[in-house]
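See below for the structure under consideration.
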Amino acid sequence: MKWTLLFFLTMISASIFAKPTVHIAVASNFIHPMKDIVAQWPKSQDVDVRLSFGASGKFFAQIKNGAPFDIFLSADSDKPARLVAEGYAKADQLFTYGIGQLVLWSADASLLGTTEPEWTSLTFSRLAMANPRTAPYGQAAQQYINSKQLARLLSGKIVTGENIAQTFAFVKSANAQLGFIALSQFMQLAIDQRGSHWFVPPHLHLPIQQDSVLLNRGLNNQAAIYFFAYLQSAEVASIIQSYGYQTFRGKDGTQ
């Protein structure tokens with residue numbers, strides 16, 4: 001009886017003193033900025049911020065199937081908007097945290113120039129891109145390919161990553177000679193690793209508008225509400241801009 005009582009008192013004590021926790025689903029292109037943002041989160045908040053990284057399309061499906069996320073940072077605007085439309089979040093808990101940039105990158109310094117490549121003269125056997133069905137950066141790459149009618153020329157050469165992080169790994173590990181990646185990933189490369197690259201002009205694909213939404217589960221979590229507000233601060237906008245994203249908020253906090 002004594003040990004049973006002690007067990008229950010221990011469990012109650014652990015429950016009382018457990019840290020508030022925020023579960024956040026984050027698109028793979030945003031790994032480094034998000035880790036930096038969390039690192040700058042005031043320690044005085046004493047909140048356990050748990051991050052999951054992956055393809056936006058997979059998170060979208062998981063959230064609809066009850067995955068316990070409080071906040072979702074997607075690589076597009078479509079999926080957060082659909083979650084609002086389908087009742088998984090409220091319209092006033094949605095904002096754009098960044099506009100992404102697509103980059104064609106090769107670790108080979110001589111493969112690409114700074115202007116659009118002459119595809120018929122490029123020598124390569126594998127081109128990496130994220131899965132266009134689940135990854136917005138893959139969709140943007142596919143839109144560029146379609147706009148230039150390159151599908152037949154690239155047939156048999158495309159290797160598809162599950163998400164933009166895996167796509168980046170394909171190129172970095174030389175399993176593909178070049179690939180479509182996010183500017184934030186390119187900026188993480190050391191100068192001597194940057195090889196050659198071409199910034200894909202935004203008018204050649206739909207804008208990569210990246211939206212975040214506080215999910216209904218997060219509305220009942222005060223720590224999640226605080227963190228969602230922090231994501232919209234000028235301090236965070238400055239961090240996001242340092243990784244090559246555009247934001248609707250200036251470094252001085254203006255919209």
Side-chain angles (χ1 to χ4, degrees), residues 26-35 53-59 74-76 78-79 98-210 242-246:
V26 186
S28 294
N29 73 88
F30 208 63
I31 291 175
H32 294 291
M34 195 62 190
K35 287 182 177 178
F53 298 105
S56 299
K58 290 201 169 183
F59 282 136
S74 183
D76 67 358
D78 176 64
K79 295 173 185 63
I99 306 294
Q101 166 73 55
L102 188 67
V103 180
L104 180 64
W105 172 58
S106 173
D108 182 346
S110 64
L111 187 58
L112 299 171
T114 55
T115 58
E116 185 169 8
E118 291 289 342
W119 287 93
T120 54
S121 62
L122 281 184
T123 302
F124 67 97
S125 58
R126 289 184 177 179
L127 165 70
M129 60 183 280
N131 187 342
R133 289 180 298 177
T134 56
Y137 279 81
Q139 292 171 8
Q142 188 65 63
Q143 288 161 2
Y144 163 72
I145 289 170
N146 292 342
S147 73
K148 297 294 179 178
Q149 300 181 325
L150 296 171
R152 179 173 295 180
L153 180 69
L154 299 177
S155 177
K157 294 184 176 181
I158 293 177
V159 290
T160 304
E162 181 178 341
N163 51 52
I164 197 68
Q166 190 177 55
T167 305
F168 179 66
F170 283 160
V171 186
K172 193 173 183 182
S173 63
N175 284 309
Q177 289 78 38
L178 72 168
F180 290 101
I181 65 170
L183 175 59
S184 56
Q185 295 172 313
F186 176 77
M187 291 179 67
Q188 295 308 303
L189 294 165
I191 297 297
D192 61 355
Q193 292 180 321
R194 291 188 173 182
S196 54
H197 66 278
W198 172 59
F199 296 117
V200 182
H203 70 271
L204 295 178
H205 57 77
L206 293 176
I208 307 174
Q209 178 178 320
Q210 303 192 197
S242 73
Y243 284 88
Y245 296 90
Q246 297 178 37

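Note that the numbering runs from 1 along the sequence shown for the chain.
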*Could you go step by step and tell me if Asn175 and Val159 meet the side chain to side chain contact (heavy atoms under 4.5 Å, CB included) rule?*
CA-CA 9 Å; Asn175 284 309; Val159 290; over 6 Å; no

Shortest non-hydrogen contact between [X] and [Y], atoms and distance:
X      : Y      : answer
Asn163 : Ala165 : OD1-N, 3.0 Å
Ser106 : Leu112 : N-CD1, 3.9 Å
Gln142 : Pro132 : OE1-CG, 3.9 Å
Met129 : Ile145 : SD-CD1, 3.8 Å
Gly100 : Tyr137 : CA-OH, 3.2 Å
Val200 : His205 : CG1-CD2, 4.0 Å

Hey, does the side chain of [X] reach the backbone of [Y] with a donor-acceptor pair shorter than 3.5 angstrom?
X      : Y      : result
Thr160 : Ala130 : no
Gln143 : Leu206 : yes
Ser56  : Ser74  : no
Gln185 : Ile164 : yes
Gln193 : Leu189 : no
Ser147 : Tyr144 : yes

With a 6.0 Å cut-off (strictly less than), is the heavy-atom count around [atom1] of [X], excluding the residue itself, greater than 12?
X      : atom1 : answer
Gln246 : CD    : no
Lys172 : NZ    : no
Arg194 : CZ    : yes

Gap separating the [atom1] atom of [X] from the [atom2] atom of [Y], nearest 0.5 angstrom:
X      : Y      : atom1 : atom2 : answer
Leu122 : Gln177 : CG    : CD    : 10.5 Å
Leu183 : Gln188 : CG    : CD    : 10.0 Å
Leu178 : Leu104 : CG    : CG    : 5.0 Å
Met187 : Tyr243 : CE    : OH    : 9.0 Å
His32  : Ser242 : NE2   : OG    : 12.0 Å
Met34  : Phe53  : CE    : CZ    : 7.0 Å

*Can you tell me if Asn29 and Gln210 form a side-chain donor-acceptor pair at under 3.5 Å?*
yes

*asked:* With a 4.5 Å cut-off on side-chain heavy atoms, are Leu102 and Leu204 touching?
replied: no

_Step-by-step side chain to side chain contact (heavy atoms under 4.5 Å, CB included) determination, Phe59 to Val26_ = CA-CA 8 Å; Phe59 282 136; Val26 186; 5.6 Å; no

_Run Phe30 and Tyr245 through ring pair (Phe, Tyr, Trp, His ring centres under 6.0 Å) and show every step you take._
CA-CA 10 Å; Phe30 208 63; Tyr245 296 90; 5.4 Å; yes

*Determine the interplanar angle of the Phe186 and Trp105 rings, folded into 0 to 90°, and report it as parallel if under 30°, tilted if 30 to 60°, perpendicular if over 60°.*
perpendicular

